[in-house]
Student: 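This is the structure, below, for whatever I ask next.
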Amino acid sequence: MNSFWKYYSGEKVAPFPTIFIGGNHEASNYLWELYYGGWAAPQIYFLGFAGVIKFGNIRIGGLSGIYKSHDYNRGHYEKLPYNQRDIRSIYHVREYDVHKLLQVEEPIDIFLSHDWPVGITDCGNLKALLRQKPFFEQEIQEGTLGSRPAAELLAKLRPSYWFSAHLHCKFAALVQHEKDGPSTKFLALDKCLPGRKFLQVIEIESGPGPHELQFDEEWLAITRKYNAVLPLTTRSANYSDVHLDTEQCHEFVRNKLQTRGSKPFEFVQTAPCYNPSHPVANGVFHGCYKNPQTEALLQFLELDYLLNKMPESKGA
């Protein structure tokens with residue numbers, strides 16, 4: 001259980017607001033509760049399977065999971081309790097979440113992905129990288145080292161900064177999107193272990209504040225527009241069933257935020273806190289939880305709660 005339970009229980013509190021995305025080592029059942037994003041613990045905010053949030057006037061976007069081509073065009077078909085295949089496929093990136101991020105038009109300052117955008121190695125010191133990780137060479141030559149959807153998002157969104165992890169080494173790159181056009185500073189960091197390059201402090205200019213997390217109007221409008229086609233079987237989303245107008249979604253969200261305010265909903269514990277004096281029973285399924293933050297967000301957006309909806313058959 002390591003140490004996260006101490007933050008979830010409130011025994012410890014993160015000293016600074018912390019924003020994270022999922023990779024391939026998180027508790028996917030808990031992150032699914034917070035599919036749209038939310039506080040995983042006090043001061044620790046999950047961006048969701050895909051999401052955009054504001055910190056002051058800085059817009060931060062992210063895509064959770066890792067890319068596997070065989071699952072990319074499937075829906076989020078996994079249902080608790082996960083079997084041995086589902087426990088891995090649940091964190092594979094899906095086209096639906098990428099599609100929503102591709103609708104973002106307003107500038108993004110920072111973007112997070114777990115795996116690297118494919119082709120990013122062409123924009124940094126490749127020789128130094130291969131001295132450190134020579135076994136990357138074949139995948140780089142084949143164009144398979146990294147995530148194709150992340151590369152698509154990088155080309156479309158052109159954020160000022162892009163941060164990744166996953167490949168357990170530090171690597172920096174500068175992506176020039178067009179001649180004399182905007183550029184993206186890319187940075188991947190190593191595993192969080194002694195003697196490894198897992199931390200770098202970067203100063204980014206921001207407005208006068210308040211420096212706190214706030215919902216992003218454009219992202220909530222995108223969420224409202226596409227929620228009805230959230231795919232919950234192996235079939236991909238059917239975008240022809242999207243009937244909401246983009247500008248009307250913006251206006252709806254803008255009015256809602258003006259009335260309620262833009263702070264995310266408060267953290268609420270769902271599962272009982274881990275007790276280190278009591279052993280954890282492996283393989284025991286304790287059920288799934290509806291996270292009150294997710295319920296509150298969907299009620300705010302006047303959307304149906306779909307996450308635990310069971311299709312007629314799992315392979316439908």
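A quick note: this is a predicted structure, and the numbers were derived from the prediction, not measured.
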Student: So does Glu212 have more than 12 non-hydrogen atoms from other groups sitting under 6.0 Å from CD?
Tutor: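 For Glu212, atom CD is crowded (more than 12 foreign heavy atoms under 6.0 Å).
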Student: Kindly check if the number of other-residue, nucleotide or ligand heavy atoms within 6.0 Å of CD (Glu205) is above 12?
Tutor: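 Count not over threshold, so no.
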Student: Evaluate the side-chain proximity of Phe186 to Leu154: yes if any heavy-atom separation is below 4.5 Å, no if none is.
Tutor: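 No, every pair of side-chain atoms sits at 4.5 Å or beyond.
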Student: Who else is in the cluster with Leu199 when I, L, V, M, F, W and Y are joined by side-chain contacts under 4.5 Å?
Tutor: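 Besides Leu199, the cluster holds Phe198.
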Student: Determine, stepwise, if the pair Trp116 / Phe171 fulfils ring-ring contact (aromatic ring centres under 6.0 Å, His included).
Tutor: CA-CA 10 Å; Trp116 302 8; Phe171 180 74; 5.2 Å; yes
Student: How about Arg59 and Asp216: do any of their side-chain heavy atoms sit closer than 4.5 Å?
Tutor: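 A side-chain contact exists here, since the closest heavy-atom pair is under 4.5 Å.
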Student: Within a strict 4.5 Å, meaning less than it, do heavy atoms of the Leu129 and Asn125 side chains meet?
Tutor: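 Sidechains of Asn125 and Leu129: no contact.
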Student: Between Tyr305 and Leu301, is there a shared hydrophobic cluster once you connect ILVMFWY residues whose side-chain heavy atoms come closer than 4.5 Å?
Tutor: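 Yes; Leu301 is reachable from Tyr305 via cluster members.
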Student: Please say whether more than 12 non-hydrogen atoms of neighbouring residues, nucleotides or ligands are located less than 6.0 Å from CD in Gln138.
Tutor: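 Atom CD in Gln138 is not crowded, with 12 or fewer foreign heavy atoms closer than 6.0 Å.
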Student: Both conditions, 6.0 Å and 45 degrees, for the charged tip of Arg224 above the ring of Phe252: are they met here?
Tutor: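 Judged by the rule, Arg224 and Phe252 form a cation-pi pair.
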Student: Any chance you could measure Leu213, atom CG, to Leu47, atom CG, to the nearest 0.5 Å?
Tutor: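 That separation rounds to 8.5 Å.
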Student: Do Ile202 and Tyr161 make a side-chain contact, defined as non-hydrogen atoms from C-beta onward lying under 4.5 Å apart?
Tutor: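 SC-SC contact between Ile202 and Tyr161 confirmed.
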Student: Is there a path of hydrophobic side-chain contacts, each under 4.5 Å between heavy atoms of I, L, V, M, F, W or Y residues, that connects Tyr96 with Leu232?
Tutor: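 They do share one cluster, since a chain of ILVMFWY contacts under 4.5 Å joins Tyr96 to Leu232.
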Student: State whether a side-chain donor-acceptor pair under 3.5 Å links Gln43 with Thr18.
Tutor: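 No, Thr18 and Gln43 have no side-chain donor paired with an acceptor closer than 3.5 Å.
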Student: Hey, would you say the Tyr72 and Tyr67 ring centroids sit under 6.0 Å apart?
Tutor: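 Aromatic pair counts; centres sit under 6.0 Å.
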Student: If the condition is salt bridge (charged side-chain N to carboxylate O under 4.0 Å, His left out), which residues does Lys156 pass it with, not counting sequence neighbours?
Tutor: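 Lys156 satisfies salt bridge (charged side-chain N to carboxylate O under 4.0 Å, His left out) with Glu105 once adjacent residues are dropped.
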Student: Would you say Trp5 and Val13 are hydrophobically clustered, going by side-chain heavy atoms of ILVMFWY under 4.5 Å?
Tutor: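 No, separate clusters.
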Student: Taking the side chain as everything from C-beta on, heavy atoms only, tell me whether Tyr30 gets closer than 4.5 Å to Thr270.
Tutor: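 A side-chain contact under 4.5 Å exists here.
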Student: Less than 4.5 Å apart, side chain to side chain, heavy atoms only: is that true for Thr184 and Leu174?
Tutor: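 Side chain of Thr184 against side chain of Leu174, heavy atoms only: no contact under 4.5 Å found.
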Student: Can you classify the ring geometry of Phe215 versus Phe265 as parallel (below 30°), tilted (30 to 60°) or perpendicular (above 60°)?
Tutor: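 Judged by the thresholds at 30° and 60°, the geometry between Phe215 and Phe265 is tilted.
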Student: Set out, in order, the CA-CA distance, both residues' side-chain angles and the distance that settles ring-ring contact (aromatic ring centres under 6.0 Å, His included) for Phe46 and Phe20, then state yes or no.
Tutor: CA-CA 5 Å; Phe46 174 51; Phe20 77 99; 5.2 Å; yes
Student: Please round to the nearest 0.5 Å and tell me the distance separating atom CD1 of Ile53 and atom CD1 of Ile60.
Tutor: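 That separation rounds to 8.5 Å.
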Student: With sequence neighbours excluded, what pairs up with Tyr35 under the ring-ring contact (aromatic ring centres under 6.0 Å, His included) test?
Tutor: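 Scan of Tyr35 (ring-ring contact (aromatic ring centres under 6.0 Å, His included), adjacent residues dropped) gives Trp32, Phe49, His76.
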Student: Nearest 0.5 Å, what's the NE2-CZ distance between His92 and Arg94?
Tutor: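 Here the interatomic distance stands at 7.5 Å.
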Student: Does NZ belonging to Lys133 count more than 12 external heavy atoms closer than 6.0 Å?
Tutor: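 Check passes, neighbour count above 12.
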Student: With Pro159 as reference, evaluate Val104, Ile108, Leu112 under the side-chain contact (heavy atoms from CB on, under 4.5 Å) test and give the passing residue.
Tutor: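 Considering Val104, Ile108, Leu112, a side-chain contact (heavy atoms from CB on, under 4.5 Å) with Pro159 is found only for Ile108.
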Student: Which residue is it: Tyr8, Tyr45, Trp39? I am looking for the one with a ring-ring contact (aromatic ring centres under 6.0 Å, His included) to Phe267.
Tutor: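 Checked Tyr8, Tyr45, Trp39 against Phe267; only one passes ring-ring contact (aromatic ring centres under 6.0 Å, His included): Tyr8.
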Student: Do Tyr289 and Leu306 sit in one hydrophobic cluster, given that two such residues count as connected whenever their side-chain heavy atoms are within less than 4.5 Å of each other, even indirectly?
Tutor: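 They do not share one cluster, since no chain of ILVMFWY contacts under 4.5 Å joins Tyr289 to Leu306.
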Student: So His211 and Phe55, would you call those rings parallel, tilted or perpendicular, with 30° and 60° as cut-offs?
Tutor: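 It falls in the tilted class, 30° to 60°.
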Student: For Lys185 and Ser160, test the side chains for any donor-to-acceptor distance below 3.5 angstrom and give the result as yes or no.
Tutor: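 No - no donor-acceptor pair under 3.5 Å links their side chains.
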Student: Is there side-chain contact between Leu34 and Thr294, with at least one heavy-atom pair below 4.5 Å?
Tutor: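 Yes - at least one pair of side-chain heavy atoms lies under 4.5 Å apart.
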Student: Would you say CD of Glu251 has more than 12 non-hydrogen atoms from neighbouring residues, nucleotides or ligands within 6.0 angstrom?
Tutor: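 No, CD of Glu251 has 12 or fewer neighbouring heavy atoms, counting only those of other groups under 6.0 Å.
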Student: Should Lys170 and Gln132 count as side-chain neighbours, where that means a heavy-atom distance under 4.5 Å?
Tutor: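 Lys170 vs Gln132: side chains apart.
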Student: Answer yes if Leu244 and Tyr239 sit in the same cluster of Ile, Leu, Val, Met, Phe, Trp and Tyr residues linked by side chain heavy atoms under 4.5 Å apart, and no otherwise.
Tutor: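 In one cluster: no.
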Student: Looking at Arg88, I want to see if its CZ is surrounded by more than 12 non-hydrogen atoms of other residues, nucleotides or ligands under 6.0 Å.
Tutor: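 No, CZ of Arg88 has 12 or fewer neighbouring heavy atoms, counting only those of other groups under 6.0 Å.
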